[in-house]
Amino acid sequence: MGEAIVITSGKGGVGKTTTSANIGTSLALLGKRVCMIDTDIGLRNLDVVMGLENRIIYDLVDVAHGRCKLHQALIKDKRFECLYLLPAAQTKDKHDVEPEQMKKIVQELKQDYDYVIIDCPAGIEQGYKNAVAGADKSIVVTNPETSSVRDADRIIGLLEQEDIEPPKLIVNRVKAHMMENGDSLDVDEIVSILAIELIGVVVDDENVIRASNRGEPIALNPDTKASIAYRNIARRILGESVPLMSLQQDKGLLKKMKSFFGMR
Amino acid sequence: MAQKQKQNTPHFVTIKGTKEGLILHLDDKCSFDQLLSELEAKLIRTPADDTTSETQKLSVNVKVGKRYLSDNQKDILRKLVYQKKHLLVDEIDSEVITKEKADELLRETEITSVSRIIRSGQVLKVQGDLLLIGDVNPGGCVMATGNIFVMGALKGMAHAGHSGRKDAVVTASLMNPTMVRIADKYVQVDKDNPTIDIIGECAFFDEGSMSVKFDRIHILHQIRPSLNRL
Ligand SMILES: Nc1ncnc2c1ncn2[C@@H]1O[C@H](COP(=O)(O)OP(=O)(O)O)[C@@H](O)[C@H]1O
Ligand SMILES: [Mg+2]
C-alpha cells in the first residue's frame, strides 16, 4: 500500500506543477512506482511539463464519472516504466469532481503504486478540497516572497485541520544574491514564520523553465543545482537524511544552510 | 401568617429617603403579584406628582434583596412606579443572579490557554483572558473579551476587550503587530507611519491621550493593578 502526497501552495505560479513533475520523476529514478495526478481541472499542465500532452485520451473527470476504467486513463511516462500520469480535464469545470470521488481514485492507485503525487491547483476552494481529499501527506511550496509565504501560511492552517500528517516545506526559486542583500526573505525567516519542517530548497534556475518547455523535467539532468535539489527531496521523502544544502558552493549561504540543517 | 397580614397592613414595600436618594425596598419572600398590588396601594399619586415637570423628576433605586427578577418583571416594576408616582427607576439591585450569568462572569475572569500558531486567515476568539503559547502570524487574528497574553511573537492582529473593556491589555514576547485594538480603539502599525513606534512588550488604552499605546511590560503593574490576582 503506497502513500499519497499532495503538493500545494495557495498562491498560483510558485512551482507546484514543476515540483510535482520533478518529485515524481526523481522517485521513479530511485526505482519507486509512482503515479502523478493533475487536479488542476481546466488549467492542466502537468502533462505538458512531462511532455505527455499528445497521449491523453481519457482524464480525471472521465474516471470520476465512470466513463472509463482508471487504468485506461493512466498515461505511461516516456522514460520510466514505473511512472504514470492521470491527467486533468481541460474542457471541464472543477466542480465536475467531488472530494469523495477523488478519495476513491487515490485509494485505488495506492494499491498499485508506492507514491501517488497529487498536483493541486491554486486557491482554497473546490479544486484544493479535491486535491487534499485523498492525501496522506502534504508538501507546501512557497517562494521567498511575502505574499507567497502569507498564502502558504493560510494553506498550512487549512491542512492542519485535515486528517493528514503535518505538512513539509519546499522553498522554491531561491536567489542566493537577493537573500544575501536582504532583498528577499531568507529561508531562515520563512521557516521561522511557517514553523513546519523544511524538506528542500530549490534555486531559481532558467534551466528549470527550459526543461519544462521541452517536456523533460529538470530532475533528469543531474548537472544543475535545481535537479540535485529535487532528487534530494525525493530521497528525504523516502526517509533518508540528506544534508540540506551540500550542493551550495556559495560561502555565505553555506553557513546559513548549515543552520537550517541544525534546525531539522 | 395569612391572618396577620389581614390584621396589619402588609409591609412588603418600604420607601426610605437616604443621603443617596430614595430607596424602595421590596420584600423578597412574598410573591411578585403581592408586591405589585401593594405598590399599587402604597404609591398614591398626589396632585403634586402631576405638576412636577420633566426636569424635576425624582429617581429611585429599587432593592429587591434575594429575589431574581426577569427582564420582563423589571419592566413591569419600572412602569408601575413611573405611572403611580412619576418616579424614575434608576437601578434595580438584586443580590442574586442566574447560574448562566454567574458562569458568564466566571468565564470573564478565566484565562484560556491555547498552544498553537494562529496562521494567516485564522481567527481565535475567547471569552475572558487569552494565553497564547505560540505565534500570531501576519494575517492571523486573536480576540478576547479580556486581556491577551502572547508567549510567542505577535505579528498579526490582536483585539483585547473586544466587547468593550477598555482596561484590557495586550502583551507579547515579541511585539510586532499589524494592528492592536483595545475595545473600540485601535492602532495600526504601518512601516510608512513613523509616528507610531513600538517599544516594549505591551499595549494598552491610555486615558490621557485617548489612544492605544505601547510600552515596556513592567509598567503594567502600575497602570493595571487588577492584573495582580495574588
Ligand atoms: N526553481 C525554478 N526556477 C526557475 N523557474 C521556475 C522554478 N520553479 C518553477 N519555475 C517556473 O515558474 C512558473 C510557474 O511554475 P508552475 O510549476 O507552473 O507553478 P504552479 O503549478 O504553482 O502554478 C513556470 O514557468 C516554471 O517553469
Ligand atoms: Mg500548476
Side-chain angles (χ1 to χ4, degrees), chain A residues 6 8-12 14 120-129 132 138-171 182-198 263, chain B residues 112-126 130-144 148-159 162 170-181 186-194 196-198 200-201 203:
Chain A
V6 61
T8 180
S9 71
K11 197 171 187 293
V14 301
C120 180
I124 54 174
E125 283 129 9
Q126 181 81 28
Y128 160 81
K129 286 179 186 138
V132 170
S138 60
I139 290 178
V140 173
V141 183
T142 189
N143 293 348
E145 285 168 27
T146 308
S147 60
S148 170
V149 172
R150 188 74 70 92
D151 285 0
D153 195 37
R154 178 96 177 88
I155 280 288
I156 295 167
L158 295 175
L159 288 168
E160 283 171 347
Q161 289 163 25
E162 300 285 333
D163 186 21
I164 57 178
E165 283 183 27
K168 305 262 164 77
L169 179 68
I170 292 179
V171 184
D183 292 332
S184 83
L185 291 172
D186 79 35
V187 178
D188 268 341
E189 249 173 296
I190 297 170
V191 173
S192 105
I193 292 173
L194 298 179
I196 60 173
E197 189 187 325
L198 185 65
M263 281 170 78
Chain B
T112 305
S113 73
V114 175
S115 172
R116 60 173 244 231
I117 299 181
I118 307 305
R119 297 186 181 276
S120 177
Q122 296 182 328
V123 179
L124 174 67
K125 201 169 173 176
V126 306
L130 169 66
L131 176 66
L132 181 70
I133 305 157
D135 297 345
V136 181
N137 273 357
C141 173
V142 283
M143 300 170 81
I148 296 174
F149 312 112
V150 179
M151 297 293 284
L154 175 57
K155 293 178 274 190
M157 123 114 157
H159 189 178
H162 78 73
V170 175
T171 73
S173 306
L174 200 141
M175 186 65 94
N176 187 18
T178 51
M179 193 194 309
V180 170
R181 299 173 68 163
Y186 63 88
V187 55
Q188 262 167 315
V189 182
D190 195 335
K191 284 195 190 78
D192 308 326
N193 184 353
I196 300 151
D197 72 313
I198 308 177
E201 307 82 23

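We name chains A, B, ... by the order of the sequence lines, and we start the count at 1 in each one.
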Checklist line | Toward chain B: residues of residues 144-155 of chain A with heavy atoms under 4.5 Å | finding: A:Arg150, A:Asp153, A:Arg154
Note to self: Heavy atom to heavy atom, less than 4.5 Å: which residues from residues 114-123 of chain B reach chain A?
What the structure shows: B:Ile117, B:Arg119, B:Ser120, B:Gly121, B:Gln122
Item checked: Within 6.0 Å of CG in A:Asp183, more than 12 heavy atoms from elsewhere -> yes
Check: Among all residues two or more places apart in sequence or in another chain, which pass the side chain to side chain donor-acceptor pair (under 3.5 Å) test with A:Ser9?
Finding: A:Lys16
Margin query: Applying a heavy-atom distance below 4.5 Å, give me the residues of residues 133-143 of chain B that approach chain A, sorted by number.
Written below: B:Asp135, B:Asn137, B:Pro138, B:Gly139
Check: Counting only heavy atoms not in B:Met151, do more than 12 fall under 6.0 Å of its CE?
Finding: no
